[in-house]
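Convention: sequence-line order gives letters A, B, ...; per-chain numbering from 1. Only this structure's heavy atoms are used, side chains among them; waters, hydrogens and symmetry mates stay out. Bear in mind that the values here come from a model prediction, so they are computed numbers and not experimental data.
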Amino acid sequence: MSIANSVPTKEGRFGQFGGQFVPETLMTALLELETAYDEALNDPTFTEELSYYLKDYVGRETPLYYAANLTKELGGAKIYLKREDLNHTGAHKINNAIGQALLAKRMGKKKIVAETGAGQHGVATATACALLNLECVVFMGAEDIKRQQLNVFRMELLGTKVESVESGSKTLKDAVNAALRYWVTNVEDTHYILGSALGPHPFPKIVRDFQRVIGVETRKQILEKEGRLPNAVVACIGGGSNAIGMFHPFVDDEEVALYGVEAAGAGLETGKHAAAIAGGQLGVLHGAYMYLLQDDNGFVQEAHSISAGLDYPGKGPEHCYLHDIGRAQFDAITDDEALEGLQLLCRTEGILPALESSHAIAYTAKLAKTMQQDQVIVVCLSGRGDKDVHTVRAALGGDDK
Amino acid sequence: MTTLQQAIEQAQSAGHKAFIPYIMAGDGGLETIQPTILNLQQLGVTAIEVGIPFTDPVADGPTIEQAGERALAAGVTLRKVLQTLASFREDIKVPLVVMTYFNPVLAYGLDNFAQACVAAGVKGLIVPDVPLEESEILREALNPYAIDIVQLVSLTSPPERITRIAAASQGFVYAVTVNGITGARANFADNLEHHFARLRQASPIPVLAGFGISTPEQVKKMGALGDGVIVGSAIVTALHKGDMTTVEALIAASKDIRTKSTQ
């Protein structure tokens with residue numbers, strides 16, 4: 001039986017994970033969203049419109065690039081990079097933002113709310129809203145606004161209102177809280193474009209489906225280039241949208257090993273990390289039952305990562321499920337290792353990866369060395385690193401500000 | 001009939017409407033819980049909603065969120081609140097209804113939580129992030145201990161859903177009076193009469209209005225729509241400031257509403 005197509009159930013469960021843990025005011029909106037989404041998927045005009053924008057506006061399909069220099073440097077398995085960094089706006093986030101914005105229009109919603117951490121999903125949503133003439137407000141933690149000033153300005157240029165979130169840890173988790181509150185208050189004319197494979201059903205499914213294009217293209221491209229499926233697929237995972245989009249078309253191919261790379265921050269032993277699966281506790285946050293960083297009292301703990309996009313205390317329910325059934329393996333990479341991965345890719349291939357994606361590169365550097373030269377790894381290079389130059393410079397001591 | 005429902009119906013037979021204040025447990029420290037509850041009880045409230053602080057209170061507005069942050073900073077947890085309540089249980093005469101987000105309950109363990117509720121004399125539970133679809137697990141765990149699971153109905157709930165929620169809710173139905181989060185507001189939608197009429201017709205148990213009710217005038221207006229009101233943010237603010245005059249005025253307003261039979 002197909003594992004990939006067996007989840008979620010109609011109750012929105014991936015095994016024990018997922019569900020709909022939200023205030024009653026949002027339930028009708030979620031049920032309507034589910035119905036509208038199912039109808040859209042079966043309507044050729046919707047899928048054709050989406051394909052049109054993904055091709056002519058986003059620039060898909062993205063290349064699957066054989067990283068010959070990196071492969072040679074590491075001396076192990078052949079490494080291919082799925083170049084999501086070459087998408088319009090510089091990351092995979094646009095795939096989902098365009099899809100959900102089209103869905104919102106179809107549902108007759110004129111206003112959009114979204115959360116953002118690093119700002120990539122905020123920029124992608126602001127872009128889709130500019131394109132499709134939707135009004136947009138993005139909530140962003142005050143800490144992240146400090147870290148990602150340029151993305152804030154970018155969103156404003158695109159006509160989006162950016163709201164600073166001053167409560168809690170002032171990062172992505174609190175931005176989601178604020179976006180949910182806004183949605184509860186404005187639910188009748190507003191759609192919430194959730195950016196990761198998180199939240200209440202049907203969001204984890206919708207985000208996965210709109211990001212599946214990554215894995216679908218990769219599968220076709222690697223068959224063309226290598227005549228076979230890869231031995232391993234690697235992706236970084238915060239909430240898990242690029243990873244689930246990459247993994248999903250390979251889930252039923254048992255011979256393909258799936259590796260999700262969490263952020264180990266300053267190190268798992270320090271407690272300052274974002275590795276919820278490695279942390280091993282189960283809980284409910286933002287509508288879903290999942291692995292969650294929390295204390296003994298069930299209070300959600302702050303995540304820590306040099307990469308704002310991985311700085312979230314939970315993991316999407318489908319990843320939790322893939323972990324529990326042993327279909328995917330999850331490991332963690334520290335801030336320092338990610339910085340090394342970033343420099344390695346710059347030096348060998350002339351590609352500056354996002355700090356998020358650098359976690360996947362760093363993990364691949366370890367993994368490739370343990371594999372044979374005739375084996376193949378595909379890495380999801382989920383975004384480009386231009387947004388992180390300032391952070392990287394500060395971390396590497398080039399700037400003591 | 002459960003203890004909670006009985007208390008609400010008694011308020012009605014006494015010729016007024018039920019009044020349930022919400023407090024943020026431990027806003028000001030755990031030691032404030034006992035005097036606050038005994039004080040409110042003395043003032044003639046119908047029941048008391050005991051709020052538990054949480055790191056991510058998505059259904060709450062700034063007033064309750066900030067009260068929660070103060071309580072968290074004072075080290076307040078679900079476990080400690082229930083232990084504190086248990087310590088003066090004999091003095092508590094009104095039903096207590098715990099309001100908490102789901103994750104602290106999960107972390108406590110459902111059965112441990114249920115037993116701690118019994119020891120604390122808790123009669124009901126409201127979990128704002130557990131809608132009808134996910135609520136069976138709570139009734140299974142808590143009903144054996146005679147603890148009601150109160151469900152919320154919102155303005156966005158369609159008629160068919162309202163009927164199912166009213167049938168599942170225990171003690172009373174919590175009718176959310178706004179699309180939004182907790183906290184004071186000046187205006188309410190104008191279709192509330194129709195909403196409440198339908199809700200009361202669908203519900204075999206009392207219907208209480210809550211969210212945004214913050215002045216004596218609003219207590220009267222909203223109280224008249226159903227069987228009583230829940231007042232949160234206004235009580236939390238008044239207690240934080242030590243302003244008992246406001247608390248008394250809100251409670252007095254609920255006694256001013258003449259009860260009339262369901263239309």
Side-chain angles (χ1 to χ4, degrees), chain A residues 10-13 16 18-32 165-169 172-190 199-201 281-290 292-302 313-314, chain B residues 52-62 65-66 68-69 72 75-81 100-109 113 127-135 137 151-158 160-162 165 169 173-176 178-183 185 189 211:
Chain A
K10 69 174 170 35
E11 295 83 18
R13 292 292 182 145
Q16 63 176 323
Q20 292 181 304
F21 296 92
V22 294
E24 170 62 21
T25 306
L26 292 182
M27 279 308 297
T28 299
L30 291 176
L31 297 169
E32 281 172 5
V165 180
E166 304 284 346
S167 58
S169 57
L172 178 56
K173 154 181 103 71
D174 310 282
V176 177
N177 291 343
L180 281 170
R181 288 182 183 126
Y182 182 91
W183 196 32
V184 171
T185 310
N186 299 280
V187 64
E188 293 186 351
D189 64 355
T190 303
H201 178 67
Q281 305 256 16
L282 297 173
V284 165
L285 181 68
H286 299 150
Y289 188 61
M290 60 185 170
L292 183 64
L293 298 176
Q294 57 182 315
D295 68 11
D296 293 344
N297 293 303
F299 295 148
V300 179
Q301 291 181 315
E302 287 178 34
Chain B
I52 307 297
F54 184 51
T55 41
D56 297 87
V58 293
D60 287 308
E65 183 181 26
Q66 283 157 21
E69 285 181 359
L72 287 174
V76 175
T77 65
L78 174 57
R79 195 179 302 248
K80 286 183 189 168
V81 170
T100 174
Y101 289 86
F102 193 31
N103 202 51
V105 174
L106 280 175
Y108 205 141
F113 170 70
V127 187
D129 57 346
V130 175
L132 183 65
E133 281 75 359
E134 306 286 356
S135 62
I137 185 175
Q151 294 294 143
L152 290 87
V153 161
S154 84
L155 298 179
T156 57
S157 314
E160 167 277 332
R161 195 173 164 82
I162 286 178
I165 294 172
S169 193
V173 175
Y174 192 137
V176 177
V178 294
N179 280 343
I181 50 183
T182 60
R185 62 255 290 149
F211 278 42

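Of all non-hydrogen atoms in A:Gln294 and B:Ala107, the two that sit nearest each other are OE1-CB, 4.2 Å.
The part of B:Pro128 that comes within reach of chain A is its backbone (N, CA, C, O), which places non-hydrogen atoms under 4.5 angstrom from that chain. Only the backbone of B:Val153 comes within less than 4.5 Å of a heavy atom in chain A; its side chain stays farther off. Contacts of A:Val187 with chain B are made by side-chain atoms alone, with heavy-atom separations under 4.5 Å and no backbone atom involved. There is no contact between B:Pro62 and chain A, counting heavy-atom distances below 4.5 Å. Only the side chain of B:Glu65 comes within contact range of chain A, with heavy atoms under 4.5 Å apart. Heavy-atom distances place the side chain of B:Leu106, and not its backbone, under 4.5 Å from chain A. For A:Tyr182, no part sits under 4.5 Å from any heavy atom of chain B, backbone or side chain. Of the atoms belonging to B:Leu155, not a single heavy atom falls under 4.5 Å from chain A. Looking at A:Asn297, both its backbone and its side chain come within 4.5 Å of chain B, counting heavy atoms on both sides. Neither the backbone nor the side chain of A:Gln281 comes within contact range of chain B; no heavy atom of the residue lies under 4.5 Å from a heavy atom of that chain. For A:Gln301, no part lies near chain B; criterion is any non-hydrogen pair under 4.5 Å.
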message: Test side chain to side chain contact (heavy atoms under 4.5 Å, CB included) on A:Ser167 and B:Gln66; report intermediate values, then the result.
response: CA-CA 9 Å; A:Ser167 58; B:Gln66 283 157 21; over 6 Å; no
task: Please test B:Glu133 against A:Glu11 for side chain to side chain contact (heavy atoms under 4.5 Å, CB included), starting from the C-alpha separation and ending with a verdict.
output: CA-CA 8 Å; B:Glu133 281 75 359; A:Glu11 295 83 18; over 6 Å; no
Full working for side chain to side chain contact (heavy atoms under 4.5 Å, CB included) between B:Arg161 and A:Glu24: CA-CA 10 Å; B:Arg161 195 173 164 82; A:Glu24 170 62 21; 2.8 Å; yes
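The aromatic rings of A:Phe21 and B:Phe102 sit parallel to each other, their planes meeting at less than 30°, with 60° as the upper class boundary.
Of the residues considered (A:Arg181, A:Lys173, A:Gln20), A:Arg181 shows the highest number of contacts with chain B, using heavy-atom pairs under 4.5 Å. The candidate from A:Leu285, A:Leu292, A:Leu180, A:Val300 with the greatest count of non-hydrogen atom pairs under 4.5 Å with chain B is A:Val300. Contact tally against chain A (heavy-atom pairs below 4.5 Å) for B:Val58, B:Asp56, B:Thr156: the top residue is B:Asp56. For the options A:Asn177, A:Val176, A:Asp174, heavy-atom pairs under 4.5 Å to chain B are most numerous at A:Asn177.
A:Thr28 places a side-chain heavy atom less than 4.5 Å from the side chain of B:Pro158.
Heavy-atom contacts from other residues, nucleotides or ligands closer than 6.0 Å to CG of A:Asp189 number more than 12.
Panel note: side chain B:Asn103, backbone A:Val284; a donor-acceptor pair is recorded below 3.5 Å.
Taking OG1 of A:Thr25 as the start and CG of B:Leu152 as the end, the distance is 8.0 Å to the nearest 0.5 Å.
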